[in-house]
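Report on one structure; see the data block that follows.
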There are 2 protein chains.
Amino acid sequence: MDVANLSGVSKSTVSNVIRGAGRVSDATRRRVLDSIEALGYRPNALARDLVRRRANTVGVMVGDLANTFYAGLVKLLEVEASDAAYTTMVCNTDGELALERARVETLLERAVVGVVLLQFSGDRMVLDALRGAQVPAVVVSCHDERVDCVAVDDRAGMSAAVEHLYDLGHRAIAHVSGHLVEDSTRAARAAGYEAAMRKHGLPPRLLSADDWENGDPGAVRRLHELVSGNAGLTAFAAGNDVMAVRLIDQLEAGGLRVPEDVSVIGFDGIELGAHSRIGLTTISQPREELTTRGLELLLDRVRGGSVAAPPRCVTLEPRLIVRHSTAAPRA
Amino acid sequence: MDVANLSGVSKSTVSNVIRGAGRVSDATRRRVLDSIEALGYRPNALARDLVRRRANTVGVMVGDLANTFYAGLVKLLEVEASDAAYTTMVCNTDGELALERARVETLLERAVVGVVLLQFSGDRMVLDALRGAQVPAVVVSCHDERVDCVAVDDRAGMSAAVEHLYDLGHRAIAHVSGHLVEDSTRAARAAGYEAAMRKHGLPPRLLSADDWENGDPGAVRRLHELVSGNAGLTAFAAGNDVMAVRLIDQLEAGGLRVPEDVSVIGFDGIELGAHSRIGLTTISQPREELTTRGLELLLDRVRGGSVAAPPRCVTLEPRLIVRHSTAAPRA
DNA sequence: GTGAAAGCGCTAACAG
DNA sequence: CTGTTAGCGCTTTCAC
């Protein structure tokens with residue numbers, strides 16, 4: 001350590017002033033600080049982390065960073081983690097299990113202190129790997145009883161969406177979901193939809209968006225058929241905002257107008273939904289609260305070393321935002 | 001190393017099989033691999049990186065991860081870097097110089113092999129720090145002669161935007177920019193706008209979007225005034241798509257219709273622009289080519305160790321995508 | 001208040 | 001083909 005020589009002290013003293021640990025006389029500290037400045041010395045985080053046996057980095061696993069809802073969460077996480085003196089390592093899984101496993105492995109090799117799972121597949125091996133390495137994890141924005149998690153009450157949220165539609169006078173309401181929504185979340189939202197439909201004695205109709213997401217040319221026609229044909233659908237409760245927005249696209253491509261001919265409601269509350277041209281009615285999630293509480297749970301375990309304590313679960317309430325993609329059905 | 005004991009070989013042999021280096025007999029390799037499997041051994045990347053004196057991680061600096069254009073770039077970078085066996089460390093700078101400097105410092109302490117700068121401020125200190133640490137950098141999506149960079153020809157792109165408007169019959173065309181566009185890019189696009197206007201002998205009009213971005217209640221009125229008042233603007237060439245989309249919002253909030261009353265063209269080619277409700281005419285950037293070429297330049301230096309070689313610059317051509325936010329001005 | 005010594009878990013020559 | 005030997009740059013007791 002060159003700084004040590006220049007300031008005429010030992011490595012340990014330099015280390016002490018850098019870490020603000022131990023007692024160092026003001027005079028010595030000054031000298032060391034000056035040497036650091038003069039030499040443009042930059043501590044080596046790799047060496048520090050090796051001896052500490054952990055990098056102060058938190059891993060963030062996200063299914064699709066291109067989904068603006070998740071990009072927003074990642075950004076918040078990066079900022080908040082950084083405020084807590086942690087760096088962030090973002091991994092995109094593209095919703096593929098193999099990638100998810102590989103990325104977790106990478107994070108573990110790098111000795112992250114903890115990992116935040118956005119859009120977690122629920123895979124057991126991933127959880128076991130984490131637990132085996134004593135690395136705490138928190139699932140944010142979807143539920144999992146095996147780990148700490150903070151999420152919105154998806155079930156209640158989707159029920160509220162249906163109630164909103166019902167109150168408007170809709171009876172033939174379909175639920176649209178697909179691979180864009182992570183499994184457990186999809187199930188919870190579907191359950192919320194079905195419960196609300198059942199409550200009103202209405203038959204549930206579940207649709208998958210995957211065909212038109214893939215650009216299937218017949219999709220537009222089939223969608224139109226669903227509305228104008230025997231099914232006579234008058235409203236769609238989509239699994240998330242991205243799907244809702246694309247659904248509107250497809251519907252209008254088929255000559256249907258939203259909300260005049262058919263209503264659409266989303267879930268998440270992405271910014272774009274607020275655009276006047278879109279005006280998406282939606283069930284909004286409190287993003288900042290999700291990330292703040294999530295990081296809180298994680299860092300709590302990191303600092304407390306209580307990796308083994310039973311999982312805690314924070315459930316937040318989503319909020320209905322009425323805009324102009326929903327209206328009373330035509331007479 | 002426990003794996004060494006179990007398989008009855010030395011640490012180095014284990015290291016050799018893991019790295020696939022040196023010659024190891026098949027029998028030995030088998031045994032080692034089995035032990036690794038049995039013990040659930042996971043190599044410690046921190047230790048490896050320490051002795052190699054570099055983490056095989058590339059740093060990515062981004063101004064605003066919530067901007068879908070950049071989120072898309074980051075995702076592509078993460079995937080491509082990962083394919084090349086590098087992990088990614090994403091840093092959000094919020095466009096603040098102090099944060100940018102601090103984040104680069106962090107990346108340097110972690111001994112990243114290189115850094116990709118999206119939305120680079122152009123700050124000299126940042127560049128010096130990088131150069132001083134012998135860490136190569138590449139600027140992606142904006143220009144900087146001091147570093148490797150790959151970007152679209154912003155000047156030509158914006159000129160093309162103006163030409164498109166001109167061909168449609170517009171003469172009173174304003175350029176709208178603001179803090180959402182990073183400095184050097186903003187300058188290049190503004191220059192392209194001015195050049196095209198001058199070419200046709202038209203007076204340039206530069207507007208800042210910052211007032212209505214901040215939710216200034218008077219902005220809508222002022223905007224309306226610009227169109228219906230003496231200025232008589234009939235078209236806006238926005239600095240990027242996000243601004244264009246918000247501009248449409250503001251315009252319509254003031255009772256103006258796009259494109260009937262006024263035309264708007266964007267820049268970037270974000271996905272949302274393709275939505276039928278938005279239909280934004282824009283100058284599109286080839287995202288995948290930006291990231292692929294950018295990473296190529298970076299890894300080239302990383303592998304070649306040619307940190308000092310003169311900067312290379314790749315300029316890509318943007319492409320006009322005509323949708324329905326532009327039309328001929330009213331008679 | 002400060003220093004000496006012993007590693008963290010791995011790689012990279014260099015011997016054998 | 002495999003083992004031995006030095007560290008990488010830092011933290012952390014434990015003496016002084």
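Order of the sequence lines fixes the chain letters, A, B, ..., with proteins taken first and strands second; residue numbering starts at 1 for each chain. Computed from a predicted model, the values in this text were never measured in an experiment.
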N-O pairing of [X] and [Y] below 4.0 Å:
X        : Y        : answer
A:Arg101 : A:Asp123 : yes
A:Asp300 : A:Arg312 : yes
A:Arg293 : A:Glu80  : no

Rounded to whole angstrom units, what separation is found between the [atom1] atom of [X] and the [atom2] atom of [N]?
X        : N      : atom1 : atom2 : value
A:Lys11  : C:dG3  : NZ    : C1'   : 11 Å
B:Asn16  : C:dC14 : CG    : P     : 15 Å
A:Leu46  : C:dC10 : CG    : P     : 14 Å
A:Asn56  : D:dC10 : CG    : C1'   : 14 Å
B:Asn5   : D:dG3  : CG    : C1'   : 14 Å
A:Arg52  : C:dG9  : CZ    : C1'   : 17 Å
A:Glu109 : C:dC8  : CD    : C1'   : 17 Å
A:Asp49  : D:dC8  : CG    : C1'   : 14 Å

Exercise for review: Could you tell me the separation between the CG atom of A:Asn5 and the NZ atom of A:Lys11, rounded to the nearest 0.5 Å?
Suggested key: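 Taking CG in A:Asn5 and NZ in A:Lys11, the distance rounds to 11.0 Å.
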
Contact under 4.0 Å: [X] side-chain N or O vs [N] OP1/OP2:
X       : N      : answer
A:Ser15 : D:dC10 : no
B:Arg53 : D:dG9  : yes
A:Thr28 : C:dT2  : yes
A:Thr13 : C:dG3  : yes
A:Arg48 : D:dG9  : no
B:Ser25 : D:dT2  : yes
A:Arg54 : C:dC8  : no

Practice item. Kindly indicate whether the side chain of B:Ser12 and the base of D:dT4 share any N or O donor-acceptor pair separated by less than 3.5 Å? Key: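 Answer is yes: a donor-acceptor pair is held.
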
Review point. On DNA chain D, nearest-nucleotide positions of B:Val9 versus B:Leu50: which is more 5'?
Key: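 Nearest nucleotide further toward 5': that of B:Val9.
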
Point to revise | 5' precedence on DNA chain D between A:Val51 and B:Val51 (nearest-nucleotide basis) | key: B:Val51

Review point. Is there a side-chain contact between B:Pro43 and A:Glu109 (heavy atoms, below 4.5 Å)?
Key: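 SC-SC contact between B:Pro43 and A:Glu109 confirmed.
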
